Every structure is written in structure tokens, then in C-alpha cells.
Peer 1: 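Pasting in a structure now, in C-alpha cells, and then I'll have a few things to ask.
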Amino acid sequence: ELRALARGHLGQATAAAAGLDLAVAPAFLPLAVAEARLGRMERNASRPFASAELAPWRRQWITWRAARRAPAPARRAHRPGLAVKEGGLG
């Protein structure tokens with residue numbers, strides 16, 4: 001089943017992203033949207049041709065929430081004007 005395969009790949013990507021440098025964490029924010037879309041597909045399993053699309057405002061909300069849950073250094077790392085030294089913010 002493709003949803004199970006996608007869920008497995010999403011789990012692998014999420015686990016791999018957890019060990020990466022905080023400076024690249026924003027690049028992995030779309031994983032949160034993929035999680036939401038897979039959840040919608042799984043809830044609609046009895047209707048395989050139902051749309052799994054999310055409203056644009058919902059995608060933005062999910063991405064924003066994922067960014068807010070990121071560790072504080074990752075949030076600071078991508079703000080303009082704040083340079084992150086190698087090895088952390090200290």
C-alpha cells in the first residue's frame with residue numbers, strides 16, 4: 001500500500017532531519033505538511049480518490065506551527081541579521 005510506504009519514508013526523513021545541523025532545519029518544515037496530508041489520506045482510506053489537498057491557510061498554519069516547535073537556535077538561525085557561529089550561538 002502506497003500510504004504505508006509514504007509513512008515509512010516520512011518517518012525516515014523525520015529521523016534523519018532530527019540529527020542535522022540547526023541551520024538547515026527550516027528546509028525540513030514541509031515534512032509537517034506531508035504528515036498532515038498522509039493523515040488525511042489515511043482517514044479517507046475508504047475513499048481512495050478523495051482529495052488529500054489542504055487549504056493554503058492550513059498548509060501555512062501547519063508550517064508555522066512546525067517552525068515554532070523548532071529549537072530556539074534554529075528559529076534564530078534563519079532570521080536576517082543574526083549570524084550563527086559555528087558550534088552554536090555562544
Side-chain angles (χ1 to χ4, degrees):
E1 169 149 335
L2 288 179
R3 286 188 310 267
L5 180 65
R7 179 66 66 189
H9 285 297
L10 179 63
Q12 290 174 350
T14 303
L20 292 176
D21 185 11
L22 292 177
V24 298
F28 292 90
L29 289 176
L31 291 177
V33 177
E35 171 75 33
R37 288 187 72 189
L38 274 174
R40 181 169 280 194
M41 285 184 219
E42 289 165 349
R43 284 190 302 277
N44 292 333
S46 62
R47 299 181 342 212
F49 298 109
S51 175
E53 288 297 317
L54 300 169
W57 67 268
R58 179 121 170 92
R59 289 192 310 264
Q60 291 170 348
W61 176 255
I62 291 167
T63 304
W64 178 81
R65 277 190 11 218
R68 297 300 300 165
R69 283 192 297 248
R75 289 199 307 259
R76 283 189 226 124
H78 69 275
R79 287 186 187 165
L82 287 179
V84 177
K85 295 179 187 176
E86 194 163 322
L89 294 174

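Since we're looking at a predicted model, the values are computed, not measured.
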Peer 1: State the OG1-CG distance between T63 and L29, to the nearest 0.5 angstrom.
Peer 2: 6.5 Å
Peer 1: Give me the atom names and distance for the closest heavy-atom approach of R7 to G39.
Peer 2: NH2-N, 3.8 Å
Peer 1: Are more than 12 heavy atoms, taken from residues, nucleotides or ligands other than L5, located less than 6.0 Å from that residue's CG atom?
Peer 2: yes
Peer 1: State, to 0.1 Å, how close L54 and A36 come at their nearest heavy-atom pair, and which atoms those are.
Peer 2: CD1-CB, 3.8 Å
Peer 1: State plainly whether the residues E42 and R37 are in salt-bridge range, i.e. N to O under 4.0 Å.
Peer 2: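 Salt bridge between E42 and R37, a charged N being under 4.0 Å from a carboxylate O: no.
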Peer 1: Which atoms form the tightest heavy-atom contact between A6 and L38, and what is the distance?
Peer 2: CB-CD2, 3.7 Å
Peer 1: Looking only at heavy atoms, which two atoms of L10 and E35 are closest? And how far apart?
Peer 2: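 Of all heavy-atom pairs spanning L10 and E35, the closest is CD2-OE1, 3.2 Å.
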Peer 1: Please find the pair of heavy atoms, one from R40 and one from S51, that lie closest to each other, and give the distance.
Peer 2: CD-O, 3.8 Å
Peer 1: Surrounding CZ of R58 (heavy atoms of other residues, nucleotides or ligands, distance under 6.0 Å), is the total greater than 12?
Peer 2: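 No, not enclosed.
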Peer 1: Please list, chain by chain and in numerical order, all residues satisfying side-chain contact (heavy atoms from CB on, under 4.5 Å) with Q60, sequence neighbours excluded.
Peer 2: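 Q60 satisfies side-chain contact (heavy atoms from CB on, under 4.5 Å) with no other residue.
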Peer 1: With hydrophobic residues grouped by side-chain heavy-atom distances under 4.5 Å, do M41 and L31 end up in a single group?
Peer 2: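 Yes, one cluster joins them.
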Peer 1: Show the nearest heavy-atom pair for residues L20 and V24, with the distance to one decimal.
Peer 2: CB-CG2, 3.9 Å
